[in-house]
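Please read the structure below before turning to the comments.
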Amino acid sequence: MKELKVQPIKNGTVIDHITPGAALKVLKILDIPEQERDSIVSVVMHVEGKTGKKDIVKIENRELRAEEVDKIALIAPDATINIIRNYEVAEKHRVGIPDEIVGIVTCGNPNCISNAREPVTPRFVVKQRKPLRIQCAYCERELKDISAGLL
């Protein structure tokens, strides 16, 4: 059987252990392809890994910002972020879900004060990590589709 391999990148970021099927949401969070027109972006979905199926995203010549990693953690809580420099893994981080999520997800309740014209930053409390359940700190509504609420 012929096997296709994804080329290694010299510098950039590899996001591994993404929840199967969530790679396209990761691309949306990172605003790809709009921002990465001159870089190679590789997406591998539903590949078999040591612990089961997973997705992988490789982005050449880009290291992720902290707020991007925080958003990825909400849709792929088991992901790892590998920073590649000169074809080697220079840094490896596991994403983490904090106890409180501030300013990166909007509440689904149109009557919530965080959606009004008030200067209130959206704030959510993590009720459960697996599966992830978050609740608005203001109106107490649980967000059903976290990826749809990402700012």
Quick one: closest heavy-atom pair of Leu27 and Val43, and the distance?
CD1-CG2, 3.6 Å
Ion pair check, Lys10 and Glu60, cut-off under 4.0 Å:
no
Give a yes or no on whether a salt bridge exists between Asp99 and Arg129, defined as a side-chain N under 4.0 angstrom from a carboxylate O.
yes
Gap between atom CG of Leu74 and atom CD1 of Ile134 - 0.5 Å precision:
6.0 Å
Ile84 CD1 to Glu91 CD distance, which is reported to the nearest 0.5 Å:
10.0 Å
Trace of the side-chain contact (heavy atoms from CB on, under 4.5 Å) decision for Asp55 with Val57:
CA-CA 7 Å; Asp55 289 0; Val57 173; 5.9 Å; no
After noting the C-alpha distance and the side-chain angles of Leu64 and Ile15, does the key distance pass the side-chain contact (heavy atoms from CB on, under 4.5 Å) rule?
CA-CA 10 Å; Leu64 304 184; Ile15 308 162; 3.8 Å; yes
Roughly how far, to the nearest 0.5 Å, is the CZ atom of Arg141 from the CZ atom of Phe124?
10.0 Å
Ignoring hydrogens and geometry beyond distance, is a side-chain donor-acceptor pair present between Asp78 and Thr19 at under 3.5 Å?
no
Do you know the tightest heavy-atom contact between Tyr138 and Cys112?
CB-SG, 4.0 Å
Rounded to the nearest 0.5 Å, what's the gap from CD on Glu68 to CD1 on Ile59? Could you check?
8.0 Å
NE2 of His93 to CD1 of Ile81, rounded to nearest 0.5 Å, is 8.5 Å
